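Values in this document were obtained by computation on a predicted structure and should not be read as measured data.
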Amino acid sequence: MENILITGVSSGLGEALAKEYLENGDNVYAIGKTIPTKLDRYPHFFFFPYDLSETFMIQSTLKEFLAHRSFDIVILNAGVLGEIQTLSKTDLMDAKAVMEVNVWANKELIDTLHAHAQVKQIVGISSGAAINGSKGWGAYSLSKSGLNMLLSVYAKELPEIHFTALAPGVIHTPMVQHIIDEVNDEVYPSAKQLKEGNIRTPEEVAKHLIETFPKLLAYESGSFLDVRTM
């Protein structure tokens, strides 16, 4: 039985990961805006409701929930997309809101964990957008490249923890459904490429990732990896 910490479990990949670990008999500690009703029946599911965009309160609020625990793996899954539009039309406050959740919330969580808990492995859920630089994905791409570098720097500063930024491929989540339904793929060609590509269910990806996480330890700490090219 392992102890797992996952952020962003209210839906999508985070919920699927939590369910898979719970079905395996592991203890899952979770942080999210709302408790997923599919998971609250499991006796080894421990949930803390918190909006990670409130970064200024993360350390003081989550300290007690995380303190004196030992985690085999921490999965920094929570993230927001922001609006798909050109950077020149992206309001700076909107871009900052994406960075707040996708980068700075993770910094605060890592700092809290380092100060008050024991952690063997941290995986940040990244994206191919971190390196693709596609039109319309500016705020999201900047935030995911920032996440990659955040984990790369921490790998040097906290060598006792193994860090990986991992792109999981395209998953049928509310975020992707929004792109399919709302984003003009003639204006933003990357959206068309996404729609026509291989979109897997959260459950499929969760099973694959859980098998993949131990293999990440063979790579240099701080690496950015994509499951589609590993």
Side-chain angles (χ1 to χ4, degrees), residues 1-52 71-81 101-102 105-106 109 120-130 137 140 144 147 164-183 190-219 224-230:
M1 178 183 289
E2 294 192 334
N3 292 327
I4 318 296
L5 174 65
I6 308 173
T7 65
V9 297
S10 299
S11 64
L13 178 60
E15 182 184 55
L17 283 168
K19 187 174 187 296
E20 189 67 20
Y21 275 118
L22 289 165
E23 291 287 346
N24 290 342
D26 295 311
N27 295 317
V28 173
Y29 296 82
I31 300 167
K33 286 184 179 180
T34 56
I35 187 167
T37 55
K38 294 179 182 178
L39 304 181
D40 60 2
R41 63 185 176 87
Y42 290 92
H44 298 292
F45 181 65
F46 308 97
F47 181 77
F48 193 96
Y50 192 80
D51 183 348
L52 290 171
F71 296 106
D72 295 280
I73 185 169
V74 172
I75 305 165
L76 302 174
N77 167 72
V80 294
L81 175 64
V101 175
N102 295 0
N106 291 319
L109 280 168
K120 296 178 182 178
Q121 182 181 13
I122 293 179
V123 177
I125 300 301
S126 186
S127 169
W137 294 74
Y140 185 74
K144 289 301 185 179
L147 173 65
T164 310
L166 183 66
V170 182
I171 309 168
H172 191 209
T173 62
M175 183 186 295
V176 167
Q177 191 62 48
H178 166 76
I179 295 169
I180 293 171
D181 294 339
E182 305 294 337
V183 176
S190 59
K192 183 176 183 179
Q193 184 179 357
L194 180 148
K195 295 174 188 180
E196 295 176 349
N198 181 26
I199 302 177
R200 297 182 297 167
T201 68
E203 292 75 21
E204 289 174 325
V205 175
K207 290 179 184 293
H208 185 206
L209 290 185
I210 289 173
E211 293 175 357
T212 301
F213 290 148
K215 301 174 184 177
L216 302 180
L217 299 173
Y219 293 83
F224 167 66
L225 301 171
D226 191 317
V227 295
R228 294 166 290 191
T229 58
M230 285 179 64

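Using a 4.5 Å heavy-atom threshold, the side chains of Leu5 and Ile31 count as touching. Side-chain contact between Leu39 and Val28 is absent, with no heavy-atom pair separated by less than 4.5 Å. Taking the side chain as every heavy atom from C-beta outward, Ile75 and Leu13 never approach each other to under 4.5 Å. In this structure, the side chains of Leu216 and Met230 come closer than 4.5 Å at one or more pairs of heavy atoms. Considering only heavy atoms from C-beta on, Ile179 comes within 4.5 Å of Trp137 through its side chain. With contacts defined as side-chain heavy-atom distances shorter than 4.5 Å, the pair His44/Asp26 does not qualify.
Within the model, atoms CG of Asn102 and OG of Ser126 stand 9.5 Å from one another, a figure rounded to the nearest 0.5 Å. Distance check: Leu166 CG to Phe224 CZ gives 8.0 Å after rounding to the nearest 0.5 Å. Arg200 CZ to Lys207 NZ: the interatomic distance, rounded to the nearest 0.5 Å, is 13.0 Å. Distance check, rounded to the nearest 0.5 Å: CD1 of Ile4 to CG of Leu22 gives 9.5 Å. Distance check, rounded to the nearest 0.5 Å: CG of Leu225 to NZ of Lys215 gives 12.5 Å. Rounding to the nearest 0.5 Å gives a distance of 10.5 Å between CG of Asp51 and OG1 of Thr34.
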Starting from the C-alpha separation in whole Å, work towards a yes-or-no answer on side chain to side chain contact (heavy atoms under 4.5 Å, CB included) for Leu194 and Val170.
CA-CA 7 Å; Leu194 180 148; Val170 182; 4.0 Å; yes
Apply side chain to side chain contact (heavy atoms under 4.5 Å, CB included) to Tyr219 and Thr164, showing your working.
CA-CA 8 Å; Tyr219 293 83; Thr164 310; 6.0 Å; no
From CA spacing to verdict: side chain to side chain contact (heavy atoms under 4.5 Å, CB included), Val205, Val227:
CA-CA 10 Å; Val205 175; Val227 295; over 6 Å; no
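Counted within 6.0 Å of NZ on Lys195, heavy atoms from surrounding residues, nucleotides or ligands total more than 12; the atom is thus considered enclosed. More than 12 non-hydrogen atoms from other residues, nucleotides or ligands lie less than 6.0 angstrom from CD of Gln177.
Minimum heavy-atom separation, Tyr21 to Ile73: OH-CG2, 4.0 Å. In terms of heavy-atom proximity, Phe47 sits nearest to Gly32 at CZ-O, 3.4 Å. Ala167 and Gly128 get closest at one heavy-atom pair: CB-N, 3.8 Å. Residue Ile199 comes nearest to Ile171 through the heavy atom pair CG2-C, 3.9 Å, listed as atom of the first residue, atom of the second, then distance. Summarising the geometry of Tyr140 relative to Val80, their closest heavy-atom pair is CD1-O, 3.4 Å, with the distance given to 0.1 Å. The two atoms that bring Leu52 and Ala105 nearest to each other are O-CB, 3.5 Å, heavy atoms only.
Classification of Glu15 and Lys19 as a salt-bridged pair fails, no side-chain N sitting under 4.0 Å from a carboxylate O.
Looking only at distances, a side-chain donor or acceptor of Asn77 sits under 3.5 Å from a matching main-chain atom of Gly8. Judged purely by atom type and a 3.5 angstrom limit, Asn3 has no side-chain atom pairing as donor or acceptor with the backbone of Asp72.
The aromatic rings of Tyr29 and Phe71 sit perpendicular to each other, their planes meeting at more than 60°, with 30° as the lower class boundary.
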